[in-house]
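These notes are about the structure you will find just below.
Labels below follow one simple rule: chain letters A, B, ... track the order of the sequence lines, proteins then strands, and each chain is numbered from 1.
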Amino acid sequence: MRMSNMFSRTLREAPNGAESKGYEYLLRAGFIKQLGAGIFSLLPLGFKSTKKIENIVRQEMDRIGGQEILMPVVNPGDLWKESGRYYSIDKELARFKDRVGRDMVLAMTHEEAVTDIARGEIDSYKRLPLFVYQIQTKFRDDPRPRAGLIRVREFTMKDAYSFDRDQAGLEKIYADNYRAYFRIYDRCGLPSIAVSSDTGMMGGKVAHEYMYLSPIGEDTIIICDECGYTANRQIAEIRKEYLKEEEKPIEKIATPHAKTIDDLAEFLDIPASKTCKAVFMVGSFINDRTGEEEDKLIAAFIRGDMEVEEAKLQHAAGANSLRPAHEEEITACGMVPGFASAIGAKGDFITIVDESAAYSNNLVAGANEEGYHYINTNFKRDYDGTVADIASAREGHLCPKCGKPLKARKGIEIGNIFQLGTKYSEAMNCTFQDETGVQKPCIMGCYGIGIGRLLACLAEEYNDEDGLKLPITVAPYEVHLVSLVKDQEIAEKIYEDLLNSGIEVLYDDRKESAGVKFADADLIGIPIRITLGNRSLKEGKVEVKLRSTGETTSYDISDLAKEIKAEIAKERAKIEDNIVEKNL
RNA sequence: CGGGUAGUAGCGCAGGGGCUAGCGCACUUGGUUCGGGACCAAGGGGUCGGUGGUUCAAAUCCACUCUGCCCGACCA
């Protein structure tokens, strides 16, 4: 590619709103261009990188037996009504009507579409297992896109789907994907960890998320350095110590102005762990057959020294979504915000009690009367409810596996794998006949990687004060040929030679000053830079500089292509040698 | 969806009722320079986000509206 003819140009200054380095450089180097909130075009350099990432993904999917297909972005709404997600997913699912008024959706994932195909293909256990994938556009109308390609509305995703006859089959392909994902990130050069995760709108039971740890991440990951336990905070468990003691008689006491746990603990001169905190949410419960929606108050109780994790609470209550409750909704059930407990409450609401509160004795809790609390309240004796783990794991809490203190880190989700089970196959009647003639639902799994987000994370990981320095496996070109010579003929010849040797070359043939060319080369960050200068050329030499290390070598022009191929192989080896097989 | 902030040339910004709307970079032409964002000279480019209003006069004041960004709610 000749830079004199390149569609995109570099920018000297960062466009307004590029707050992270990676995003800024992707914009300035001309990899991407914003079209609207959360909507980006890929320019030639960004598209090249994206294709490289896609090809790595493709190779690894093929390697574990994946068959590439392509499904439509536009799906009939009826299909999504079958799975129930037409109703259970809110505005994030973009809907429209076609010319005859049929409900249509822009697919945000493809469980429905693939299950529809599979139910037509799969009749016998002999057809299983099956594993397909696609690399395709998704649209999710995110309420708040941000940080460039990190969180967007339209994006390219590799999504894969497996169909098995039993759990053992699913677990095998799940483990294959688990390994393949690490190989993909390793081959892209992106550090990654796998964490146990929530299943969210996908449904199913077992799931892992792959995270790139970064301060700009929006997910919080709980990590145990000691035993390797890792989980998204949404589901991270902690070892809880219960304050067991002899039950004492309940007693109402005056606690004027003690509305918060801190106030209360200070007023009574007790630790927060001797109190019980109430958190009120309203859950939306959607009937996914009819789309009918019902709101219900959820009262969550947890020991005063802990916080409620909303995702856990949502699961425990079986709600589709949660929002904070309004004061009237709480008082309608006989509870008084600031002085609330389940004791003496009435009306239709769901009570979820964290283990910390349920298994500790003699806690101070609200008396549902302005200015009063009960001391020595005990679960079961004084109030009832569903016991669940709804505690939010924080740095310093104890590891559920080994009991050592946990750490909290920020991360960006770069992929996920789900054991779906039969959620979609049952809802959509995707069954097979086993040896005994019995119809059974296929056991499904799904596996996703956001391609653009991966590029964004790579840009975040690989940059310095001069620009990007993507690894050679994902950089748009292998070699940047910078010509500083007056007589372009020799440069043209070298360019041709390199191309003929099968090397991917970005050729700066522009009539620009050396400084401009070097600055642009650093900004775009192609791994190997060849500089053609008048002086060294007279001696038959050219300079080769690595973007990653700054290391410079001088080569004879006569065997340049051969030497460059060796350099490329070395750069590739730097990445490929770091591929580590990681098993589930 | 709530709070904040901003829309003026490709990018970054200034101007804040008055005559041809500026600056830096970028762009065009000519010349000099030529290994780390060169210099000189001459040029080209803008419905001042949109609509409506106030006024003799609006980029500037007012109302509404659209869009971007940040924080939160939210989210794979």
Over all strands shown, is Asp90(A) touching base, sugar-phosphate only, or nothing at heavy-atom distances under 4.0 angstrom? nothing
Does Ser83(A) reach the main-chain N or O of Met428(A) with its side chain, forming a donor-acceptor pair under 3.5 Å? no
Between G22(B) and G46(B), how far apart are the two C1' atoms, rounded to whole Å? 11 Å
Using the C1' atoms only, state how far A9(B) lies from G52(B), rounded to an integer number of Å. 27 Å
Under 4.0 angstrom, heavy atoms only, what part of the nucleic acid is Ala311(A) near: base, sugar-phosphate, or nothing? nothing
Just checking Tyr174(A) against Tyr178(A), ring centres under 6.0 Å apart? no
What is the distance, rounded to the nearest whole Å, between atom CD of Glu19(A) and atom P of G68(B)? 15 Å
Contact class for Lys545(A) (heavy atom, under 4.0 Å): base, sugar-phosphate, or nothing? base
If you only use heavy atoms from C-beta on, which nucleotide in G36(B), A76(B), A26(B) is closest to the side chain of Arg529(A)? G36(B)
Quick one: Lys486(A) NZ to U33(B) P, roughly how many Å, whole number? 8 Å
In 5'-to-3' order, the base (B), backbone-only (S) or no-contact (-) status of each nucleotide in nucleotides 4-9 of chain B, using a 4.0 angstrom heavy-atom cut-off, is ------
Taking any heavy-atom pair under 4.0 Å as a contact, classify Arg153(A): base, sugar-phosphate, or nothing. nothing
Whole Å only: how far is the CG atom of Leu420(A) from the P atom of A76(B)? 14 Å
Of the candidate nucleotides C25(B), G35(B), A76(B), which contains the atom at the shortest distance from the side chain of Thr531(A)? G35(B)
Closest to the Ala37(A) side chain: A73(B), G68(B), G37(B)? G68(B)
Determine, for Glu307(A) against Lys277(A), whether the closest basic-nitrogen to carboxylate-oxygen distance falls under 4.0 angstrom. yes
Could you provide the dot-bracket string of RNA chain B, using ( ) for intrastrand pairs, [ ] for crossing pairs and | for bases paired to another strand, with Watson-Crick or G-U pairs below 3.5 Å? ((((((((.[[[[.)..(...]]]].((((((.....)))))).....[[[[[..)....]]]]])))))))....
Within the 4.0 Å heavy-atom criterion, would you say Ala519(A) contacts the bases, only the backbone, or no part of the nucleic acid? base
Is the closest side-chain heavy-atom distance between Glu567(A) and Val479(A) below 4.5 Å? no
Minimum-distance nucleotide to Glu413(A) side chain [options: G68(B), G36(B), A76(B)]: A76(B)
Please state whether the phosphate of A76(B), meaning OP1 or OP2, lies under 4.0 angstrom from any side-chain nitrogen or oxygen of Gln234(A). no
Salt bridge (Lys or Arg N to Asp or Glu O under 4.0 Å) with Asp142(A): of Arg151(A), Lys91(A), Arg153(A), only one passes, and it is Arg151(A)
Could you check which of G35(B), A76(B), A73(B) has an atom nearest any side-chain atom of Ser536(A)? G35(B)
Name the nucleic acid region contacted by Val152(A), choosing base, sugar-phosphate or nothing; use a 4.0 angstrom heavy-atom cut-off, strictly under. base
Could you tell me whether the side chain of Arg323(A) has a donor or acceptor atom within less than 3.5 Å of a complementary atom in the base of G72(B)? no
Would you call Arg144(A) and Glu218(A) a salt bridge, taking side-chain N to carboxylate O under 4.0 Å as the test? no
Of Leu484(A) and Gly17(A), the one whose nearest nucleotide on RNA chain B sits closer to the 5' end is Leu484(A)
Hey, do the aromatic rings of Phe31(A) and Tyr25(A) have their centres closer than 6.0 Å? no
Could a donor-acceptor pair under 3.5 angstrom be found where the side chain of Gln34(A) meets the base of G68(B)? no
Between C1' of G37(B) and CD1 of Ile524(A), the distance in whole Å: 14 Å
Taking G44(B) as the reference, what is the distance to G3(B) when you measure between their P atoms (whole Å, please)? 47 Å
Say you pick atom C1' in G45(B) and the same atom in C23(B); how far apart are they, in whole Å? 15 Å
Reading RNA chain B from 5' onward, which residue's closest nucleotide shows up sooner: Gln314(A) or Asn534(A)? Asn534(A)
What nucleic acid atoms does Pro15(A) come within less than 4.0 Å of, heavy atoms only: base, sugar-phosphate, or nothing? sugar-phosphate
Taking atom C1' in both U20(B) and C62(B), compute the distance separating them and give it to the nearest angstrom. 28 Å
I want to verify a distance call: between G12(B), C74(B), C27(B), whose nearest atom is closest to the Arg9(A) side chain? C27(B)
When you measure from the side chain of Arg95(A) to the backbone N and O of Tyr86(A), does any donor-acceptor pair fall under 3.5 Å? yes
What is the distance, to the nearest angstrom, from the CZ atom on Phe155(A) to the C1' atom on A76(B)? 7 Å
Euclidean distance, atom CZ of residue Arg28(A) to atom P of G12(B) [Å, nearest integer]: 12 Å
With a 4.0 Å cut-off on N to O distance, would you call Arg2(A) and Asp509(A) a salt bridge? yes
Distance, rounded to the nearest Å, where Glu543(A) contributes CD and G36(B) contributes P: 11 Å
With sequence neighbours left out, the residues meeting side chain to side chain contact (heavy atoms under 4.5 Å, CB included) with Glu13(A) are none
For atom CZ of Phe47(A), is the number of surrounding heavy atoms from other residues, nucleotides or ligands below 6.0 Å larger than 12? no
Return the OG to NZ distance between Ser4(A) and Lys511(A), rounded to the nearest 0.5 Å. 8.0 Å
Taking OH from Tyr181(A) and C1' from A76(B), how many angstroms apart are they, rounded to a whole number? 12 Å
Kindly point out which of C11(B), G36(B), C1(B) is positioned nearest to the side chain of Leu11(A)? C11(B)
What's the gap between C48(B) and A21(B) when it is taken at their C1' atoms, as a whole Å value? 8 Å
Check step by step if ring-ring contact (aromatic ring centres under 6.0 Å, His included) holds for Tyr447(A) and Phe131(A). CA-CA 10 Å; Tyr447(A) 316 87; Phe131(A) 181 51; 5.8 Å; yes
Looking across every strand, which nucleic acid part, if any, lies under 4.0 Å from Gly533(A) by heavy atom: base, sugar-phosphate, or nothing? base
With a 4.0 Å cutoff (strictly under), does any side-chain N or O of Ser513(A) reach OP1 or OP2 of C34(B)? no
Take atom P in G49(B) and the same atom in G16(B), then report the distance between them in whole Å. 16 Å
Looking at C71(B), I'd like to know if its phosphate oxygens (OP1 or OP2) sit under 4.0 Å from a side-chain N or O belonging to Arg146(A). yes
OP1 or OP2 of C71(B) sitting under 4.0 Å from any side-chain N/O of Arg144(A)? yes
